[in-house]
There are 4 protein chains.
Amino acid sequence: MTAVTAPSGRKVPRGRIDKRQAILDAAFTVFARRGYGQSCVQEIANEAGVAKPTVYNHLTDKETLFRHAIEAAADAVMAENLAVVERLREPGDDLRAALEDMAYRMLQVCCGERSRALRRLTYAQAADFPDLIETVQGRTAIRLGEALADRLARLSLSGRLRPGDPAQAAEQLLALLTGPMEMRSRLGTRKVSTAETRTVARAAVDTFLRAYEAAAPGRP
Amino acid sequence: MTAVTAPSGRKVPRGRIDKRQAILDAAFTVFARRGYGQSCVQEIANEAGVAKPTVYNHLTDKETLFRHAIEAAADAVMAENLAVVERLREPGDDLRAALEDMAYRMLQVCCGERSRALRRLTYAQAADFPDLIETVQGRTAIRLGEALADRLARLSLSGRLRPGDPAQAAEQLLALLTGPMEMRSRLGTRKVSTAETRTVARAAVDTFLRAYEAAAPGRP
Amino acid sequence: MTAVTAPSGRKVPRGRIDKRQAILDAAFTVFARRGYGQSCVQEIANEAGVAKPTVYNHLTDKETLFRHAIEAAADAVMAENLAVVERLREPGDDLRAALEDMAYRMLQVCCGERSRALRRLTYAQAADFPDLIETVQGRTAIRLGEALADRLARLSLSGRLRPGDPAQAAEQLLALLTGPMEMRSRLGTRKVSTAETRTVARAAVDTFLRAYEAAAPGRP
Amino acid sequence: MTAVTAPSGRKVPRGRIDKRQAILDAAFTVFARRGYGQSCVQEIANEAGVAKPTVYNHLTDKETLFRHAIEAAADAVMAENLAVVERLREPGDDLRAALEDMAYRMLQVCCGERSRALRRLTYAQAADFPDLIETVQGRTAIRLGEALADRLARLSLSGRLRPGDPAQAAEQLLALLTGPMEMRSRLGTRKVSTAETRTVARAAVDTFLRAYEAAAPGRP
DNA sequence: TATGAATGAGCATTCATTCAT
DNA sequence: AATGAATGAATGCTCATTCAT
């Protein structure tokens with residue numbers, strides 16, 4: 001049996017880790033396909049290539065399974081989004097272009113299969129797992145807002161955006177991006193063309209800059 | 001006992017419209033409480049005060065039941081929203097104030113129990129009933145966007161907003177309102193104070209006006 | 001409302017009689033199509049073009065409905081069969097030909113839709129309505145055996161068949177006809193060609209005559 | 001408790017073949033008692049001493065359950081019948097006696113509980129499972145006819161029956177046995193005495209021999 | 001640890017039957 | 001007499017979960 005060295009430094013049997021991960025992946029796939037209530041543990045076990053009781057051995061419960069699968073997906077989605085925001089660290093000379101670039105990439109991430117499924121699943125189970133929402137939002141939207149706010153704050157400091165509450169600016173920029181996108185994609189049930197996505201990104205950035213760009217220097 | 005004495009004092013057949021509506025109302029209540037998959041027809045029947053087969057007599061299917069209940073709720077929500085937008089028809093002298101008023105009222109509607117539940121349910125079942133999403137979005141968000149666009153177009157014509165695409169303006173104003181609100185209410189799992197709601201409304205309108213207000217008249 | 005004179009001589013409202021008959025016909029059609037357990041009263045009502053409670057008004061019960069429908073069908077089938085046997089009253093010179101003719105016609109009747117359905121339904125419900133079997137058999141198979149026995153007795157008396165128990169002869173002739181036919185038609189699930197039907201009839205009569213024909217007159 | 005001590009004294013896994021067979025047996029018992037449509041899976045499960053889902057685990061469907069139960073019963077009945085026919089392989093000196101013996105034994109088998117139930121069930125469901133009829137007939141009546149034809153062919157070859165089509169002879173002999181028996185037992189709803197059964201057997205063989213016995217040897 | 005097998009609880013749906021009109 | 005509406009009682013089937021190996 002192969003083994004890997006876990007972050008903690010202890011040897012851990014690899015088969016175990018692999019299997020747990022396989023189950024979580026399978027779970028997210030199935031939950032995304034059917035929704036929580038309609039998913040059955042048997043299908044998840046099949047997808048993961050293990051027997052049903054093995055799923056229970058590793059993850060106790062359908063509910064626990066759901067929580068872990070969702071959290072894993074949230075982390076993955078967030079990593080992608082943070083990478084996009086990070087690009088604003090070196091915006092170059094053309095601020096508008098940099099923002100549009102970030103906006104477009106972010107929309108692409110948000111329209112991805114996993115991102116959509118995550119949103120749909122958390123939204124759907126809001127009533128049953130309110131604390132899960134809290135966790136997921138904390139690790140995704142809120143965290144993303146903070147990261148973006150950091151960048152915008154720097155841009156204010158460097159005089160490229162006017163001073164003001166960067167959290168609010170970030171919140172609104174995100175809203176200007178995701179709101180229209182959700183509407184146009186009909187909550188993800190309709191394909192939005194690249195061109196239209198670009199339009200949304202450009203319009204969002206345009207409005208954002210009108211509202212938040214520093215007054216043109218040199219204006220009397 | 002098949003007839004009841006209505007408040008008006010006349011005998012009214014209990015059976016007909018009455019019961020169908022009661023079932024639809026009960027269905028929405030239960031679906032909102034449990035989600036589609038977790039709701040059982042028996043509970044809906046209980047909530048409506050009828051026997052289970054009566055539900056089937058009137059509405060064929062669990063699916064049909066869902067569709068009709070959702071559509072009815074969508075229409076109700078939309079009526080409220082349209083009434084709010086309609087107020088912009090006579091904005092008075094203070095445009096900002098008028099917009100803030102509308103914005104605040106709209107947020108109130110969107111945070112209402114029914115509105116939230118509607119959003120949650122449609123989102124959750126997006127995969128299973130894509131055409132339902134289309135219908136509901138058509139009757140709510142899109143319709144609302146159009147109505148708002150109408151108002152904004154008028155305001156452009158009368159020179160109070162700068163010229164431009166009113167549909168995009170409406171789309172963005174709505175995004176600036178609902179996006180931050182969803183975030184702060186954690187998709188509706190957390191209560192947002194009146195004060196905070198007002199803040200969101202004010203911030204949205206502020207950003208909107210910066211981007212869309214007509215250049216100050218008298219500027220050369 | 002139109003009225004007819006019933007056999008008893010009293011005036012009877014026609015609508016009533018018509019409707020009852022329509023229901024019985026519809027019932028047999030549906031029972032034949034689905035079997036007893038799988039038939040639902042609603043489908044019978046639809047087939048008869050009346051409302052469900054009307055069926056109950058006329059026939060009390062699903063069970064009663066079944067019994068009456070079956071009995072009516074049994075009488076109809078029997079009338080056909082008796083007519084066929086009756087032809088033996090004047091057998092003409094060629095006894096073999098007369099028997100083959102009767103045999104073929106009888107097979108045709110027994111393979112008819114109604115006859116088959118009747119057999120299938122009574123057989124199927126033998127456990128649930130044993131007395132119904134008794135009644136139906138009495139009005140069909142047994143009665144047919146008696147009628148045939150009558151004819152055969154006459155043929156014995158006139159010296160064209162050898163003396164013996166005509167009831168047994170009739171019973172065996174019928175068995176030689178229906179047994180092979182049921183086998184070849186796979187209990188009615190397979191079409192039997194006219195030619196094959198003729199073969200069965202001829203073979204049955206041939207065997208029957210070998211066993212029952214009077215010794216050739218004039219043999220020393 | 002998952003293991004029982006078998007009569008042999010060894011521990012035997014309770015779960016496997018054991019249970020499947022118990023379910024099939026129980027299914028046939030219940031189907032025979034109530035008919036297909038009136039049988040409910042719960043009752044079968046009770047009869048088998050297992051939980052309802054166990055039935056589904058092993059046999060998928062009510063329909064599948066029916067098919068397998070019927071086929072098993074068909075095989076069992078056929079084995080009995082073939083054993084009876086096999087006795088004709090050594091007919092001894094007295095052909096008539098040998099045939100009568102076989103005939104009587106065959107009637108006993110055909111009047112047995114299982115045989116009757118099998119006939120009733122297949123007949124009843126002819127419309128719903130036509131292919132099942134085909135299978136069952138193939139494994140029972142047709143197979144039996146062939147086996148009997150084999151024996152009769154040998155008897156022809158050895159000069160004890162006159163030459164001719166042995167398949168037809170077999171078909172007719174079987175018809176002469178089962179036809180009258182069904183009639184007299186009222187499709188199995190009435191007990192037929194041993195004496196009467198013997199009479200039917202004797203009459204059938206008598207008629208058969210008249211028609212099929214070789215001409216008395218020594219006749220010029 | 002992994003699993004084949006078993007099960008208690010539940011759910012959508014159907015149907016025979018009955019009221020009240 | 002005929003019917004629209006309503007319902008109590010089943011029934012087939014699924015699923016999360018647990019044993020015993």
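Letters A, B, ... are given to chains in the order of the sequence lines, protein chains preceding strands, and every chain is numbered from 1. Quick note: numbers below take in every heavy atom, side chains included, and nothing from hydrogens, waters or symmetry partners.
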### Query
Which residues pass the salt bridge (charged side-chain N to carboxylate O under 4.0 Å, His left out) test with C:Arg34, sequence neighbours left out?
C:Glu43
### Query
With D:Ala74, which residues qualify under side chain to side chain contact (heavy atoms under 4.5 Å, CB included), at least two apart?
D:Leu118, D:Val136, D:Thr140
### Task
Can you tell me the distance, in whole Å, between the CD1 atom of B:Ile23 and the C1' atom of F:dT7?
12 Å
### Summary
Those residues at least two apart in sequence (or on a different chain) that pass salt bridge (charged side-chain N to carboxylate O under 4.0 Å, His left out) with B:Glu134 are A:Arg186, A:Arg190
### Summary
Sequence neighbours excluded, the answer for ring pair (Phe, Tyr, Trp, His ring centres under 6.0 Å) partners of D:Phe31 is D:Tyr36, D:Phe66
#### Entry: Within residues 44-56 of chain B: residues closer than 4.0 Å to DNA chain E (heavy atoms)
B:Lys52, B:Pro53, B:Tyr56
#### Entry: Results of side chain to side chain donor-acceptor pair (under 3.5 Å) for A:Arg67 - residues two or more places apart only
A:Glu63, A:Asp131
### Message
Quick one: does any side-chain atom of D:Lys62 pair with a main-chain N or O of D:Ser39 as donor and acceptor, under 3.5 Å?
### Response
yes
### Message
Using the side chain to side chain donor-acceptor pair (under 3.5 Å) criterion, which residues pair with D:Gln38? Sequence neighbours excluded.
### Response
none
### Query
Under 4.0 Å between a side-chain N/O of A:Lys62 and OP1 or OP2 of F:dT17, yes or no?
no
### Query
In whole angstrom, what separates B:Phe66's CZ from E:dT13's P?
14 Å
### Task
Check side chain to side chain contact (heavy atoms under 4.5 Å, CB included) between D:Ala127 and all other residues, then give those that pass, not counting sequence neighbours.
C:Arg120
### Message
From CG of A:Asp18 over to P of E:dA2, roughly how many Å is that when rounded to an integer?
### Response
11 Å
### Message
Can you list everything that forms a side chain to side chain donor-acceptor pair (under 3.5 Å) with D:Tyr123? Sequence neighbours excluded, please.
### Response
C:Arg119, C:Glu182
### Task
Any chance you could encode DNA chain F as dot-bracket? Rule is Watson-Crick or G-U wobble with both distances under 3.5 Å; [ ] for pairs crossing earlier ones, | for another strand.
.||||||||||||||||||||
### Summary
To the nearest angstrom, the CD-P distance between C:Glu43 and E:dT14 comes to 13 Å
#### Entry: For DNA chain E, the residues among residues 26-42 of chain B that have a non-hydrogen atom under 4.0 Å from it
B:Ser39, B:Cys40, B:Val41
### Message
Could you tell me how far apart A:Asn57 (CG) and E:dA2 (P) are, to the nearest whole angstrom?
### Response
7 Å
### Message
If I take atom CG in residue B:Asp61 and atom C1' in nucleotide E:dT14, what distance separates them, rounded to the nearest angstrom?
### Response
13 Å
### Query
With sequence neighbours left out, what residues match A:Asp75 under salt bridge (charged side-chain N to carboxylate O under 4.0 Å, His left out)?
A:Arg139
